[in-house]
Amino acid sequence: MPLTHEARYQDACERYQERSVDPEAALEHLACVPISIHCWQADDVGGFEHPDAALSSGGIQVTGNHPGKARTLAELQEDLDEVLRLVPGRHRLNLHAIYGDFSGKPADRDAIGPQHFTAWMDWAAERKLGLDFNATLFSHPLAADGYTLSHQDASVRAFWVNHVQRCREIGAQMGLRQQSPCVHNLWIPDGEKDQPVRRQERRQWLLESLDAIYAEVFPAEQLRDAVECKLFGIGSESFVVGSHEFYLAYALTRKKLLCLDMGHFHPTESIADKVSALLPFLPELLLHVSRPVRWDSDHVVLQNDELNALMQEIIRAKALGRVRLALDFFDGSINRIGAYVTGIRATQKALLAALLEPTDRLRDLEQHGDRFARLAWLDEQKTLPLADVWNEFCLRNEVPSGAAWIDEVSRYETNILNRRG
């Protein structure tokens, strides 16, 4: 006779406790970690500035044309509600500036304000969600040549400086209303496809633009500013103005959060290793959880070795309170709701696996030089019943456990997505 879930969870607890790990404590910690869910998976980074909005510039690509893409703010909110019904825990929503409620009256990027996001603030308040925000420096005529804040034309730079300033005002208003800091993240597409000779000038212009943007200081309880680096992009293979070194120096000297995206580095670089390298110097980090396949391809997040290593390093560094987790992937070739839920649950499972690691025992073995036992215990950990602890977390949060959510996504596709045309 098959064991009940209760029996399986009890057995799992006993096996973890044999290794001096308390699953109940792990679940308590997991419940306190919000993930900032990106809004742009549901509509292929189109936004709502114009009725025919679509990703058009900025070195970003979305593949596929699966039926059911969200076309309006109401449809996007409907999709997000479905996602939230299928993932455990309490999370945040990460918005881009092009997702405002423009009500058929588009405002240019340098003219947006909190009034365009009142509907989102109301929606989030009803669901007790925090909001985070991003300036949008792509899909615009003034970004078509590949440069924004480092443009050689001072008037173009001024336009984008004004846009980001407006976005920070929006984020501060969100933070004030939700009584939780809104993280405003800045990523720009600036760079060159082939060999430039004015690298220094471009970076000096970016530095001046950033200093102008951040001249206004908002209370930390309302707004936290982050800057996001990148190794290369489509159309900027040879030169990215906002490189890792540039933004690391900027974050250190200007006291900003540094955003590390899992797809923004060389495939052989470990983002996990960067956590302990940066935390001694920066008070907080923003991590964009993504899955690169050969390059920065923003595949749907899975619980793979890279993600497990990242979460392990966060826990081993005792950095849960200093690291903010946000998702950044988009795939239009599969069911978009399924992509969301797969990525969110994978991120949470990787974090739970790290919380269930016998860290104290491993530290003790390492301190005493027993590298064999450390290695052996790390490997033994892989066969412990993580799934039974994860299912307990889902049931306590009244969401489907195991693979039951897959059928729910299929039903939503049949009843909602396929009727959108």
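- Residues satisfying the salt bridge (Lys or Arg N to Asp or Glu O under 4.0 Å) criterion with Arg411, sequence neighbours excluded, are Glu408.
- Ring-plane geometry between His140 and Phe159 is classed as tilted, the angle between the planes lying from 30 to 60 degrees on a 0 to 90 degree scale.
- Two rings, from Phe329 and His299, have their centers 6.0 Å or more apart.
- Summarising the geometry of Phe138 relative to Ala143, their closest heavy-atom pair is CA-CB, 4.2 Å, with the distance given to 0.1 Å.
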For Ile315 and Leu351: C-alpha separation, side-chain torsions, deciding distance, then whether side chain to side chain contact (heavy atoms under 4.5 Å, CB included) applies. CA-CA 8 Å; Ile315 299 304; Leu351 180 55; 3.9 Å; yes
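- For the atom pair His264 NE2 and Trp187 CH2, the distance stands at 7.0 Å (nearest 0.5 Å).
- With a 4.5 Å cut-off on side-chain heavy atoms, Ser270 and Glu313 do not count as touching.
- Between Tyr147 and Val241 the shortest side-chain heavy-atom distance falls below 4.5 Å.
- Note: Ile271 CD1 to Leu287 CG = 8.5 Å, rounded to the nearest 0.5 Å.
- Atom CD of residue Gln381 and atom OH of residue Tyr16 lie 5.5 Å apart, to the nearest 0.5 angstrom.
- For the 3.5 Å distance criterion, the side chains of Asn134 and Asn94 qualify, holding a donor opposite an acceptor.
- Closest non-hydrogen pair, Ser297 versus Arg291, comes out as OG-O, 4.0 Å.
- The backbone N or O of Thr148 lies less than 3.5 Å from a partner atom in the side chain of Asp190, making a donor-acceptor pair.
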When you look at Val275 and Leu260, which way does the side chain to side chain contact (heavy atoms under 4.5 Å, CB included) test go after all the steps? CA-CA 9 Å; Val275 172; Leu260 303 179; 5.6 Å; no
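- Here Asn335 contributes atom CG and Ser410 contributes atom OG; the two are 7.0 Å apart, rounded to the nearest 0.5 Å.
- Checked by atom type and distance alone, the side chain of Glu237 pairs as donor or acceptor with a backbone atom of Gly235 at under 3.5 Å.
- Under the 4.0 Å criterion applied to side-chain N and carboxylate O atoms, Glu192 and Arg199 are not assigned as salt-bridge partners.
- Tyr250 and Asp211 form a side-chain donor-acceptor contact under 3.5 Å, judged by distance and modelled atom types alone.
- Here the shortest heavy-atom pairing between Lys193 and Ser238 reads O-OG, 2.8 Å.
- The backbone N or O of Ala97 lies less than 3.5 Å from a partner atom in the side chain of Thr136, making a donor-acceptor pair.
- The local environment of CG in Asp407 is crowded, with over 12 non-hydrogen atoms from other residues, nucleotides or ligands closer than 6.0 Å.
- Residues Leu142 and His151 form no side-chain contact, since every pair of their non-hydrogen atoms from C-beta on lies 4.5 Å or further apart.
- With respect to Arg85 and Glu82, a salt bridge is recorded, a charged nitrogen being found less than 4.0 Å from a carboxylate O.
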Under the criterion side chain to side chain contact (heavy atoms under 4.5 Å, CB included), I'd like the reasoning laid out for Glu245 against Arg203: C-alpha separation, chi angles, the key distance, then a yes or no. CA-CA 11 Å; Glu245 294 78 10; Arg203 285 177 169 144; over 6 Å; no
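- Considering only heavy atoms from C-beta on, Gln152 comes within 4.5 Å of Arg198 through its side chain.
- Put simply, the side chain of Arg157 never gets that close to the backbone of Ser150: no donor and acceptor are under 3.5 Å apart.
- For the pair Asp261 and Lys230, the salt-bridge criterion is not met [side-chain N within less than 4.0 Å of a carboxylate O].
- To the nearest 0.5 Å, atoms CG (Leu325) and CD (Gln348) are separated by 10.0 Å.
- Across all their heavy atoms, Leu279 and Ala317 have their closest contact at CD1-CB, 4.4 Å.
- Listed for the Gln222 side chain is a donor-acceptor partner under 3.5 Å among the backbone atoms of Ala172.
- Smallest separation of non-hydrogen atoms from Arg316 and Leu378: NH2-CD2, 3.5 Å.
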Given Glu78 and Arg420, is the salt bridge (charged side-chain N to carboxylate O under 4.0 Å, His left out) satisfied, shown in steps? CA-CA 12 Å; Glu78 181 181 31; Arg420 290 180 182 170; 3.2 Å; yes
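- Looking at Leu307 and Met262, their side chains come closer than 4.5 Å, going by heavy atoms from C-beta outward.
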Could you go step by step and tell me if Phe218 and His184 meet the ring pair (Phe, Tyr, Trp, His ring centres under 6.0 Å) rule? CA-CA 12 Å; Phe218 292 96; His184 176 267; 9.8 Å; no
Step by step, work out the side chain to side chain contact (heavy atoms under 4.5 Å, CB included) result for Lys69 and Arg336. CA-CA 8 Å; Lys69 167 182 163 180; Arg336 295 173 182 82; 3.7 Å; yes
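- Judged by distance alone, the side chains of Ser290 and Asp328 never bring a donor and an acceptor atom under 3.5 Å apart.
- Side-chain contact between Leu257 and Arg324: present, with at least one pair of heavy atoms (C-beta onward) separated by less than 4.5 Å.
- Within the 3.5 Å criterion, the main-chain N or O of Tyr99 finds a donor-acceptor partner in the side chain of Trp120.
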Pair His38, Tyr340 - check ring pair (Phe, Tyr, Trp, His ring centres under 6.0 Å), show working. CA-CA 9 Å; His38 56 313; Tyr340 262 131; 5.3 Å; yes
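- Side chains of Glu269 and His244: no donor on one and acceptor on the other come within 3.5 Å.
- In this structure, CZ in Arg345 is found 12.0 Å from CG in Leu352, a value given to the nearest 0.5 Å.
- Residues Cys229 and Phe265 come closest through the heavy atom pair SG-CZ, 3.7 Å.
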Verdict with reasoning, Glu216 to Arg168, per salt bridge (charged side-chain N to carboxylate O under 4.0 Å, His left out): CA-CA 9 Å; Glu216 182 174 3; Arg168 294 182 70 234; 5.4 Å; no
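- Side-chain atoms of His29 never come within 3.5 Å of backbone atoms of Ala26 as a donor-acceptor pair (strictly under, hydrogens ignored).
- Judged by distance alone, the side chain of Gln178 and the main-chain N or O of Ser180 form a donor-acceptor pair under 3.5 Å.
- Using a distance-only test at 3.5 Å, with no hydrogens or angles considered, no donor-acceptor pair links the side chain of Asp370 to the main chain of Leu365.
- Looking at Asp364, its side chain never comes within 3.5 Å of a backbone N or O of Asp360 through a donor-acceptor pair.
- Annotation: side chain of Asp101 is not in contact with side chain of Phe48 (no heavy-atom distance under 4.5 Å).
- Side-chain contact of Gln303 with Asn308: a donor-acceptor pair under 3.5 Å is present, judged by distance alone.
- By the 4.5 Å heavy-atom criterion applied to side chains, Phe133 and Gln173 are not counted as neighbours.
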